[in-house]
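Everything on this sheet refers to the single structure shown next.
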Amino acid sequence: MKFTALALSLIASTAYASFEKIGPLVYEPRSLVTDHNAIDLDQQAIQIELAKLTGDGFQNAKEIYQEGGYSKSYAVIKLNSSLTSQVTKGTVITGRDTTNEMVNGKAYSTYEAGVSEIIVQYSTLATQGSYVNCQVGKLTEPNTDGCFESSGDLSIGGVNYGYTYDVSTDNDNGRTIQGFSESAEAKMHTCTNCPYAEYNKYYKYYGEFDYANQWVLAALDGTSTYFKNGNADFSKYDFEGREQAVKKGTAYMAVYMYVIRELEDAVDDCNNGCIDCNDDPVHAWDEAVAFYTGSTSDQLLYALADKRCINFKTCGTEGSESSIMTSKVNYDIFGQFALGQQSLLEGDCPAVKVAAKRITDLMAVPLIQGTIRYAYKVDVKMGEEVEKAEGATFAAAVLPRVHDCSAVDAKTIYDNMRVNAPDTNFAAVKTAFENNYECMNIKCNDVGGLYSVAAYSEGAEPCSDVGAMGSPNDGSSGANSMSLSLGLGLATLFATVISLM
């Protein structure tokens, strides 16, 4: 079986892993990504504010979206005297926190002699539960216990400097969900080896580099987008509909594409044939897993796959269950995460590229399932604004993939699912997707059918995979997923045994 050798190699390669695993399926990162995992806490904070369904709640959500609170925390410090010499990026900086305990940080950038204002990034710990103890940004309930005290002395590269700053306003974040989309042009379109193929589908469809950001801001403000295709007028929605468009737009449009960006970045940086010299791409790969899963596994894309598998009877390693358990999509994606990581460590760059492509294809499955589900709710179950908004946002997250295969089918989906669509034809939406499964490198049994209690809903059964893509070696079989899962579990067990020897 394909992954049997890999599972055995993982036992050896992860035996000395020292970083906290990611997700229920036990991905063992080779680099420190607890701070990256925490981006899901921003998503959670945004959702809490949106749920208030008030103008103030939406404004709070907007500020958290734009300025963060939980990831890459830093302090903007005003020194009482200018730096006497250059301080390079990463220089260790220490001081006291608001509880008078020692707190460690590092220079956010390189600062020349004579500078009197610097940014200090708080150090990140390897344990997720205590990864950083200064979480402020624009949170409505900040944690300042581990932030630098408002005034005192900092040791900067062994030299002491007096300083002052405002604990409540000068603690910010260098990583935000908005930033994922705002950086898309530089990191996915104009960079070396760019544009990335998947991102380019979205740019060509929407005609805007930060399409996800524009979607979210329009939904927050109750205004219209001005895309080349796929526009939405959120003035047609009340808070309830806009809430759905925002929270799904942040997770399934902005974070979604940035996961793919990290996979592509790892592929770009891979040194083919070089053993144990791919630290940078391995870190990028670990970041992709962190952003896909999050620190809680219940806010981002990992959680979505598990939710939708219940609706479509695609849970379990064989994708044949409809219960509260892990989705086949997640089993398959985590199998590819592990395979890609191992390939990076071995310098097998072509294999890394194949894994990245397969993950990208599989990530679209829950988005398709979401669109089909809400098309059914709106058409057959007479869903109202909330269901319509959910369907519109799921469609927005996947339409460019369909459009890349068929502009006609993409238009059918958009016309039926768009904000303020006059009516929705579930059968037309389902068929438009199914027409393009082979082109999108997924299969009917990846998506499944709408399932309720003990049977598929009438007209919502799974389509047939006759003639569809897929092969026994595409890394998506349930048996392969189970084999890899067992291998990962054995690797963790072996690491524990070794640590006790």
Side-chain angles (χ1 to χ4, degrees), residues 35-77 98 108 117 119-122 131-148 150 165-184 208-225 232 234-235 237-258 291 294-296 299-300 389 393:
D35 199 49
H36 305 75
N37 280 338
I39 198 67
D40 69 332
L41 301 180
D42 278 9
Q43 175 72 18
Q44 185 178 60
I46 289 168
Q47 292 184 184
I48 289 171
E49 294 302 317
L50 291 172
K52 296 176 181 177
L53 302 178
T54 64
D56 287 345
F58 268 58
Q59 180 59 35
N60 292 339
K62 184 176 182 179
E63 291 177 358
I64 297 167
Y65 166 68
Q66 294 176 318
E67 300 189 45
Y70 288 102
S71 194
K72 207 172 184 178
S73 297
Y74 65 74
V76 182
I77 299 290
T98 59
Y108 196 84
E117 182 175 287
I119 297 176
V120 183
Q121 182 181 346
Y122 293 98
Y131 74 102
V132 73
N133 200 30
C134 181
Q135 300 153 324
V136 182
K138 288 296 181 179
L139 300 176
T140 57
E141 296 182 4
N143 168 30
T144 61
D145 287 352
C147 303
F148 289 114
S150 59
Y165 88 125
D166 189 314
V167 177
S168 61
T169 61
D170 291 333
N171 280 299
D172 298 309
N173 297 88
R175 184 179 296 111
T176 67
I177 295 177
Q178 183 186 52
F180 285 168
S181 182
E182 285 190 319
S183 64
E208 299 288 342
F209 293 113
D210 66 332
Y211 65 89
N213 177 52
Q214 292 188 34
W215 176 279
V216 171
L217 290 179
L220 282 164
D221 296 339
T223 58
S224 296
T225 61
F234 294 108
S235 69
Y237 284 164
D238 291 324
F239 283 128
E240 289 84 355
R242 289 163 52 200
E243 174 194 12
Q244 298 300 324
V246 173
K247 72 180 188 180
K248 287 177 171 57
T250 51
Y252 311 147
M253 294 176 73
V255 177
Y256 172 89
M257 186 53 66
Y258 206 77
F291 295 141
S295 64
T296 63
Q299 296 293 323
L300 302 176
T393 311

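Bear in mind the structure is a predicted one, so any value in this text is a computation, not a measurement. Counting begins at 1 with the first residue of the sequence. For the numbers below, each heavy atom of this structure counts, side chains included, while hydrogens, waters and symmetry mates do not.
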### Query
Leu300 and Ile39: side-chain contact (heavy atoms from CB on, under 4.5 Å), yes or no, with the steps?
CA-CA 9 Å; Leu300 302 176; Ile39 198 67; 4.0 Å; yes

### Task
For Phe58 and Asp56, run side-chain contact (heavy atoms from CB on, under 4.5 Å): C-alpha distance rounded to whole Å, both residues' side-chain angles, the deciding distance at 0.1 Å, then the answer.
CA-CA 5 Å; Phe58 268 58; Asp56 287 345; over 6 Å; no

### Task
With side-chain contact (heavy atoms from CB on, under 4.5 Å) as the test, would you mind laying out the steps for Ile177 and Ile46 before giving the verdict?
CA-CA 10 Å; Ile177 295 177; Ile46 289 168; 4.1 Å; yes

### Query
Given Arg175 and His36, is the side-chain contact (heavy atoms from CB on, under 4.5 Å) satisfied, shown in steps?
CA-CA 8 Å; Arg175 184 179 296 111; His36 305 75; 3.1 Å; yes

### Message
Could you walk me through whether Phe291 and Phe180 satisfy the ring pair (Phe, Tyr, Trp, His ring centres under 6.0 Å) test, starting with their C-alpha distance in whole Å, then the side-chain angles of each, then the deciding distance to 0.1 Å, before giving a yes or no?
### Response
CA-CA 11 Å; Phe291 295 141; Phe180 285 168; 5.0 Å; yes

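Counting only heavy atoms from C-beta outward, the side chains of Asp221 and Lys62 approach each other to under 4.5 Å. Two residues are said to be in side-chain contact when any heavy atoms from C-beta on lie closer than 4.5 Å; Gln178 and Val216 fail this criterion. By the 4.5 Å heavy-atom criterion applied to side chains, Val136 and Asp172 are not counted as neighbours. Inter-residue side-chain proximity for Val120 and Phe148 is flagged as met; some heavy-atom pair is nearer than 4.5 Å. With a 4.5 Å cut-off on side-chain heavy atoms, Ile77 and Asp170 do not count as touching. Side-chain contact between Glu243 and Leu53 is present, with heavy atoms from C-beta onward closer than 4.5 Å. Between Met253 and Tyr211, some side-chain heavy-atom pair lies under the 4.5 Å cut-off. The closest side-chain heavy-atom distance from Gln59 to Glu63 is below 4.5 Å.
Atom CG of residue Asn60 and atom CD of residue Glu49 lie 4.5 Å apart, to the nearest 0.5 angstrom. The structure places OH of Tyr74 at 11.5 Å from OH of Tyr122, a figure rounded to the nearest 0.5 Å. For the atom pair NZ of Lys72 and CD of Gln121, the computed distance is 5.5 Å after rounding to the nearest 0.5 Å. Residue Ile64 holds its CD1 atom at 8.5 Å from CG of Leu50, rounded to the nearest 0.5 Å. If you take OH on Tyr70 and CD on Gln44, they are separated by 7.0 Å, rounding to the nearest 0.5 Å.
When all heavy atoms of Ser183 and Tyr258 are compared, the pair lying nearest together is OG-CE1, 3.8 Å. In plain terms, the two heavy atoms of Gln135 and Val132 that are nearest each other are NE2-O, 3.6 Å. The two residues Ala61 and Leu220 make their nearest non-hydrogen contact at CB-CD2, 4.3 Å.
Checked by atom type and distance alone, the side chain of Thr144 never pairs as donor or acceptor with a backbone atom of Cys147 at under 3.5 Å. A distance-only check finds a donor-acceptor pair linking the side chain of Ser71 to the backbone of Asp35 [under 3.5 Å]. Remark: side-chain polar atoms of Arg242 are paired, donor with acceptor, to backbone N or O of Ala219 under 3.5 angstrom. Using modelled atom types, no side-chain atom of Ser150 and backbone atom of Asp166 make a donor-acceptor pair closer than 3.5 Å. Tyr65 places no side-chain N or O within donor-acceptor distance of the main-chain N or O of Leu217, the cut-off being under 3.5 Å. With hydrogens and angles ignored, the 3.5 Å screen pairs no side-chain donor or acceptor of Asn213 with any backbone N or O of Ser181. Between the Asp40 side chain and the Thr296 main chain, a donor and an acceptor come within less than 3.5 Å of each other. Ser235 places no side-chain N or O within 3.5 Å of a backbone atom of Thr223 that could act as its donor or acceptor partner. Side chain of Asn171 to backbone of Ser73: no donor-acceptor contact under 3.5 angstrom is found.
Of the N and O atoms on the side chains of Gln299 and Gln43, not one donor lies less than 3.5 Å from an acceptor on the other residue. Side-chain contact, Glu240 with Gln244: no donor N or O sits under 3.5 Å from an acceptor N or O.
Taking the six-membered ring where the residue is Trp, the centroids of Trp215 and Tyr252 are separated by 6.0 Å or more.
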